[in-house]
There are 2 protein chains.
Amino acid sequence: MQLNKIVEFHKALGDLTRIRIIALLKQGPLNGQAIAETLGLKPPTITHHMTKLREVGLIKERRDKNTIYFSLNTKILEMSAKGILSVGTGGDAKMEMSVTEEERSAIINNFFTKDGKLKNYPAQRKKKLVVLAHMIKGLEFGKVYQEKEINEYLKHYHEDYATLRRELIMCQYMYRENNQYELNPVELWWLS
Amino acid sequence: MQLNKIVEFHKALGDLTRIRIIALLKQGPLNGQAIAETLGLKPPTITHHMTKLREVGLIKERRDKNTIYFSLNTKILEMSAKGILSVGTGGDAKMEMSVTEEERSAIINNFFTKDGKLKNYPAQRKKKLVVLAHMIKGLEFGKVYQEKEINEYLKHYHEDYATLRRELIMCQYMYRENNQYELNPVELWWLS
DNA sequence: TATCTAATTAGATACTAATCGAATCCGATT
DNA sequence: AATCGGATTCGATTAGTATCTAATTAGATA
C-alpha cells in the first residue's frame, strides 16, 4: 500500500516554510545557513525541513568542504507534476478518472490471455492506461531498472517490448534518465 | 501571493484519512455516513475532512433529501496533476526549471515591442514558456473566460490569437472546459 | 406538530509537527 | 592536537490538527 507515500509527499509540500525553501532553491543551490538567513530561521529548523524534503526525494545535495549545497531534484518535481493523474492533453482525460472495477476487469480479460500474455495493444487511451497499469504490477516501486531488465520483463507480456516500453514512458507510468528506468512514484496510487 | 494556496492544497492531500476518502470517492459519489462507516470513523470527523477538501476545491456535492452525496472534482485533480510545473514530455524539461531573471527579461525584450506587442512567437520551448507566462499576467486568477474574451485579450499581443490561445492550453497555462477558459491555478507560482 | 434521519457545530482531548537553544558531530585548516 | 565552520541531534516548548462525544440544525415524513 503506497497510500502513505502519497501522504508523505503532500505533507512535505504542505508547509509554508518548505515551499519557501523550494522557491529559493529553484533559483539555484544554497547551503543551510544561507537558507536559514534568508528565511529568518535558525539552522536546526532548516535541517529539520531538509530532512522532510529529502525523505520524499525532493532535494539533492553536494558537499564542498564543510558546506552542503542543497538543490532541487527537478526530476521528482516533474514527476509529481505529471504524476498525480496520468492525464493526456485534456480531451478524454475525464474518462480516465472513472474506470469502474467492472470495466477494468473486462478490459483485462479482453486484452490478456489466460496465461497473462498481452494479445494486442489497445488503441483507445482509456484501455491503454488500464492495460499498462496492469502490466507494471510486477515491477518494484522505487527500484531502478536497466533498460535490459525492462525489456526482459515486458517480453513476458509481448514480444514487441519496445513499443510497450515506449508507451510506459509516454503515459508516464515510468520515467527514464540516462537509460535507467523507474516507476513513477506518484502515479501509481491514483490508478490502482 | 498564492504560496498559501499551494500549501493549503498540499495540506489537504497530506493526510491519510483524506487520501482514503479521495480513493473512495474515485469509485463514485458517497454520502457522509457511508464514508464514515467504511473508514471506521464518526460522522463529525468526516465533516471535518470534507470541509478541508472543499476548501481547496477537491469535491463537489449534491443534495438528495437529507443526504449529501460527495464526489470528486476531477477537474481540480487534473489541474493539480498537470500543474505543479509546466513541463513538457521530458527532453528539455529541466531547462524550464532554471530560467534566471536575466534570461527572462532578455527573452521578454527580444520578443515584445516597447508597447508590449508580441513580435513573433518563439519556437524554442523555454522561450515559449517565458513569453506565455508574461502574456497571462493580465488575466485574472480564478475567473472563467469565454473564448471570445480570451481572443480579445490575446489580440492585443498578436493578431494570430488562435495560435496563442492554443499554446496556452498546450503548455497548460490555461485549461478549457466546454469553451470556457480558466487560468491553471496551481501552475502560476512555480513559474513566477 | 412531532419525529426521523443525516449533517453539522462546539468543546475536549490527544497527537503531531514547527521552532528554537544548547550540545554535539564532522571535515577542514592551522 | 587544537580549532574553526557548518550541519546535525536532542529536548523542550508551542502551535496546529484529527478525533471523539454531546448537542444542535435542517430537511423530510408521518
Side-chain angles (χ1 to χ4, degrees), chain A residues 1 3-25 28-73, chain B residues 1 3-25 28-73:
Chain A
M1 204 66 150
L3 286 208
N4 264 315
K5 255 206 161 86
I6 305 276
V7 172
E8 289 312 312
F9 177 80
H10 286 291
K11 261 189 199 162
L13 294 179
D15 176 90
L16 183 54
T17 302
R18 285 193 286 270
I19 289 288
R20 292 174 70 205
I21 289 175
I22 292 179
L24 264 182
L25 293 183
L30 278 180
N31 63 323
Q33 310 243 14
I35 299 175
E37 198 154 332
T38 32
L39 296 189
L41 295 168
K42 301 297 172 188
T45 307
I46 304 303
T47 299
H48 169 73
H49 289 301
M50 291 330 253
T51 305
K52 302 254 174 190
L53 291 174
R54 185 171 30 236
E55 277 169 3
V56 297
L58 274 167
I59 57 153
K60 292 183 296 191
E61 40 206 291
R62 178 180 65 81
R63 179 162 207 133
D64 183 41
K65 310 206 172 165
N66 269 329
T67 53
I68 294 174
Y69 290 93
F70 300 97
S71 57
L72 284 187
N73 183 346
Chain B
M1 205 64 153
L3 284 208
N4 264 315
K5 252 203 165 85
I6 305 276
V7 171
E8 289 312 313
F9 177 80
H10 287 290
K11 261 190 199 162
L13 293 180
D15 176 89
L16 184 53
T17 303
R18 286 193 286 269
I19 290 288
R20 293 173 71 204
I21 290 175
I22 292 179
L24 264 182
L25 293 184
L30 277 180
N31 63 323
Q33 310 243 13
I35 299 175
E37 198 154 333
T38 32
L39 295 188
L41 295 169
K42 302 297 173 188
T45 308
I46 304 303
T47 299
H48 168 73
H49 289 300
M50 292 329 254
T51 305
K52 301 255 174 188
L53 291 175
R54 186 172 29 237
E55 277 168 3
V56 297
L58 273 168
I59 56 154
K60 291 182 296 190
E61 39 207 292
R62 179 180 64 80
R63 180 163 207 132
D64 182 43
K65 307 201 173 170
N66 268 330
T67 51
I68 294 173
Y69 290 93
F70 300 98
S71 57
L72 284 186
N73 183 346

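Residue numbers start from 1 in every chain, and the chains themselves are labelled A, B, ... in the order their sequence lines are given, proteins ahead of strands.
Ranked by how close their nearest DNA chain C nucleotide is to the 5' end, A/Pro43 and B/Glu61 are led by B/Glu61.
Applying the side-chain hydrogen bond (donor to acceptor under 3.5 Å, both in side chains) criterion to A/Glu61, with sequence neighbours excluded, gives A/Arg54. Looking at residues two or more places apart in sequence or on another chain, you find no side-chain hydrogen bond (donor to acceptor under 3.5 Å, both in side chains) involving A/Glu8.
Looking at B/Met50 and B/Ile35, their side chains come closer than 4.5 Å, going by heavy atoms from C-beta outward. Residues A/Glu55 and A/Leu53 fail the side-chain proximity criterion, which asks for heavy atoms closer than 4.5 Å. Two residues are said to be in side-chain contact when any heavy atoms from C-beta on lie closer than 4.5 Å; A/Tyr69 and A/Leu30 fail this criterion. Looking at heavy atoms from C-beta onward, B/Leu24 lies in side-chain contact with B/Leu39 at the 4.5 angstrom threshold.
Contact between the side-chain N/O atoms of A/Gln33 and the OP1/OP2 oxygens of D/dA7 is found at a separation under 4.0 Å.
The rotation axes computed at either terminus of the helix from C/dT1-D/dA30 to C/dT30-D/dA1 lie 10° apart, taking five pairs at each end and rounding to 10 degrees.
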Is there any protein nitrogen or oxygen under 3.5 Å from a nitrogen or oxygen in nucleotides 28-30 of chain D, and what are the pairs?
from   : atom 1 : to      : atom 2 : distance (Å)
D/dT29 : OP1    : B/Lys65 : NZ     : 3.0

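Separating the CD atom of B/Glu37 from the C1' atom of C/dA6 is a distance of 13 Å, rounded to the nearest angstrom. In this structure, B/Leu16 places its CG atom 15 Å from C1' of D/dT17, rounding to the nearest Å. Distance CZ (A/Arg62) to C1' (D/dG6): 15 Å, rounded to an integer number of Å. Remark: P of C/dG27 and CZ of A/Arg63 are 6 Å apart, rounded to the nearest angstrom. Note: CD1 (A/Ile46) to P (D/dT9) measures 15 Å, nearest angstrom. For the pair A/Asn31 CG and D/dT8 C1', the computed distance is 14 Å after rounding to whole Å. Rounded to whole angstrom, the span from the CD1 atom of A/Ile68 across to the P atom of C/dG27 amounts to 10 Å. To the nearest angstrom, C1' of C/dA7 lies 8 Å from CZ of B/Phe70.
Interatomic distance, NE2 of B/His48 versus OG1 of B/Thr17, reported as 9.0 Å (0.5 Å rounding). To the nearest 0.5 Å, atom CG of residue B/Leu58 and atom CD1 of residue B/Ile21 are 11.0 Å apart.
In this pair, A/His10 and B/Phe9 present their aromatic rings perpendicular. The plane angle is above 60°, beyond the 30 to 60° band.
Across all strands shown, B/Thr47 has heavy atoms under 4.0 Å from base atoms, whether or not it also approaches the sugar-phosphate.
When B/Ile22, B/Asp15, B/Ile59 are each tested for a side chain to side chain contact (heavy atoms under 4.5 Å, CB included) with B/His49, only one passes: B/Asp15.
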Across nucleotides 10-19 of chain C, 5' to 3', mark each nucleotide with B, S or - according to how protein heavy atoms within less than 4.0 Å reach it. -------SSB
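Among residues at least two apart or in separate chains, there is no side chain to side chain donor-acceptor pair (under 3.5 Å) pair with a member in residues 30-39 of chain B.
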